[in-house]
Amino acid sequence: MYIGQVAGTVVATVKHEAFAGHKLLLVERLDLEGQATADYDICVDVARAGVGDRVLVLDEGNGARQVLNQQVAPIRAVIVGIVDDVMLRD
Amino acid sequence: MYIGQVAGTVVATVKHEAFAGHKLLLVERLDLEGQATADYDICVDVARAGVGDRVLVLDEGNGARQVLNQQVAPIRAVIVGIVDDVMLRD
Amino acid sequence: MYIGQVAGTVVATVKHEAFAGHKLLLVERLDLEGQATADYDICVDVARAGVGDRVLVLDEGNGARQVLNQQVAPIRAVIVGIVDDVMLRD
Amino acid sequence: MYIGQVAGTVVATVKHEAFAGHKLLLVERLDLEGQATADYDICVDVARAGVGDRVLVLDEGNGARQVLNQQVAPIRAVIVGIVDDVMLRD
Amino acid sequence: MYIGQVAGTVVATVKHEAFAGHKLLLVERLDLEGQATADYDICVDVARAGVGDRVLVLDEGNGARQVLNQQVAPIRAVIVGIVDDVMLRD
């Protein structure tokens, strides 16, 4: 899992019912200083995240399907939580 | 999943029936500004994408097989949709 | 698996019971000279690691679920051990 | 999948019968201009590729095992085809 | 799979019986000129490799478990062979 920030939304005509009813959020991966890196994922969201939120992203297919409780879902990255706080040692 | 752009097609003599009837599209991964990166995937397409289209790529084997409804298919990346719009926060 | 160092903790409202009772530790990946790289993982911990500890991280979903003995757990990275010593040839 | 070029062969004493009878080919990953990148894979070959051939590489364990029709095979990358042509848009 | 060189050993208190009896070897990934890259894996060894040996590393969880004949083993990278020779085209 990694810490990301919701940077926007993607509208796409997607050929699979697993996406029905799910917003596709575009999440930038953050580094440890909270800065956006060049990496991003198009995520399905189960934590009601909004644009600008810091989130926890699970980027693993089997795990993503389990979160969505859908054995058959072509989904690889899921927002599993909203980050409240990150405490780093000095 | 990531946003890509169809950059061309690949013609290859492939030793597996799972590819029969499928075009192999060469998709460049785009960054958040819509520019092509050095990363690319050879994709099977289920969204009737054409060269130049902006597309959603699922790059995960188990998920790809589910989209194609083929339990046995040596396929890792599938075009699952055509991107209509990307809305990024300011 | 790789060698990491626990750099801090993450507090997040996470939508899956698999995380219940588990601290989320932020682990920086170390290079062979023991220096932190830009890579990190948010890990579940089964080795009672603390901030500053050098740890062994397993970053693979199926393996992570087996360590936690949870067939259904959206978890990708687990701290499986505390590193006592690294002996490198000259 | 990606486009690679067979750069050589590897001779190794390998502790698993799944490799019996298979040549291990060293394949460099090519970029879209056909130039070798720093990435490479040691591949099992099912397309009768030879050194210098441009090939299609499937780099995913479950898919690789399906191509080889071996449920139990510690193989991650397989040459699944010989590239005849790559047509890139201008 | 890739070509690596055993650079050392790791001693760790690991919380899973699958590691019992296995040395943890630290393997640097080599590039095609045989030089060490920044990438490394902590590997379980089934080829009786020693420090300094050039080895074949399988870095894929399901495949690694099959080599070890352990369905339940939180292991991602295994040394599957000792490299005898690498022949590269001119």
Side-chain angles (χ1 to χ4, degrees), chain B residues 2 4-31 35-45 49-55 57-79, chain D residues 1-6 18 22-23 25 27-41 43-50 53-73 75-90:
Chain B
Y2 65 83
Q5 186 157 32
V6 181
T9 53
V10 175
V11 177
T13 324
V14 179
K15 297 298 174 192
H16 199 283
E17 67 278 5
F19 294 97
H22 283 293
K23 272 194 305 182
L24 293 178
L25 297 184
L26 198 150
V27 179
E28 291 177 299
R29 183 183 180 121
L30 301 185
D31 64 23
Q35 302 302 309
T37 66
D39 291 333
Y40 70 88
D41 269 309
I42 311 290
C43 300
V44 167
D45 171 37
V51 172
D53 279 351
R54 260 190 332 173
V55 292
V57 175
L58 173 70
D59 57 337
E60 191 244 338
N62 291 333
R65 283 183 275 278
Q66 288 168 6
V67 167
L68 295 167
N69 218 343
Q70 293 195 33
Q71 276 323 305
V72 176
I75 288 166
R76 173 179 170 140
V78 175
I79 295 173
Chain D
M1 285 193 303
Y2 65 83
I3 301 172
Q5 187 157 33
V6 181
H22 282 293
K23 272 193 305 182
L25 297 183
V27 179
E28 290 177 300
R29 184 184 179 121
L30 302 185
D31 64 24
L32 287 193
E33 281 71 45
Q35 300 303 307
T37 65
D39 290 334
Y40 70 88
D41 269 308
C43 298
V44 167
D45 171 37
V46 300
R48 294 207 188 92
D53 280 350
R54 261 190 329 171
V55 292
L56 261 185
V57 175
L58 173 69
D59 57 337
E60 191 244 339
N62 291 333
R65 283 184 277 277
Q66 288 169 5
V67 168
L68 296 167
N69 219 343
Q70 294 195 32
Q71 278 322 305
V72 177
I75 288 166
R76 174 179 170 141
V78 175
I79 295 173
V80 292
I82 311 273
V83 172
D84 303 319
D85 199 5
V86 176
M87 286 153 291
L88 285 178
R89 66 194 180 104
D90 303 335

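Chain letters run A, B, ... following the sequence lines, proteins first and then strands; every chain starts at 1.
- At a 4.5 Å heavy-atom cutoff, the contact between D:Arg29 and chain B is made by side-chain atoms alone.
- The contact between D:Leu56 and chain B is made entirely by side chain atoms (from C-beta outward), counting heavy-atom distances below 4.5 Å.
- Contact between B:Val11 and D:Met87 at its shortest, heavy atoms only, is CG2-CE, 3.3 Å.
- Expressed to the nearest 0.5 Å, how far CD of D:Gln66 lies from CD of B:Gln70 amounts to 9.5 Å.
- Of the possible polar contacts, one joining the B:Gln5 side chain to the B:Gly52 backbone as a donor-acceptor pair under 3.5 Å is found.
- For D:Ile79, no part lies under 4.5 angstrom from a heavy atom of chain B.
- Of the atoms belonging to B:Ala7, heavy atoms from both backbone and side chain fall under 4.5 Å from chain D.
- The structure places CZ of B:Phe19 at 9.5 Å from CG of B:Leu68, a figure rounded to the nearest 0.5 Å.
- Counting heavy-atom pairs under 4.5 Å between each of D:Val86, D:Asn62, D:Val83, D:Leu32 and chain B puts D:Leu32 at the top.
- Atoms CD1 and CG, on D:Ile82 and D:Asp53 in that order, are 4.5 Å from each other to the nearest 0.5 Å.
- For a residue to count as touching a neighbouring chain, one of its non-hydrogen atoms must lie under 4.5 Å from one of that chain's; by this rule D:Asp31 touches chain B with the backbone only.
- Heavy-atom distances place the side chain of B:Leu24, and not its backbone, under 4.5 Å from chain D.
- Every side-chain contact (heavy atoms from CB on, under 4.5 Å) that B:Asp41 has, sequence neighbours left out, goes to B:Tyr2, B:Cys43, B:Asp59, B:Ala77.
- Ranked by heavy-atom pairs under 4.5 Å with chain D, the first of B:Val6, B:Leu26, B:Ile75, B:Asp39 is B:Leu26.
- Across all non-hydrogen atoms, the minimal contact from B:Val51 to B:Gly8 is CG2-CA, 4.2 Å.
- Interface residue B:Glu28: only side-chain heavy atoms are found under 4.5 Å from chain D.
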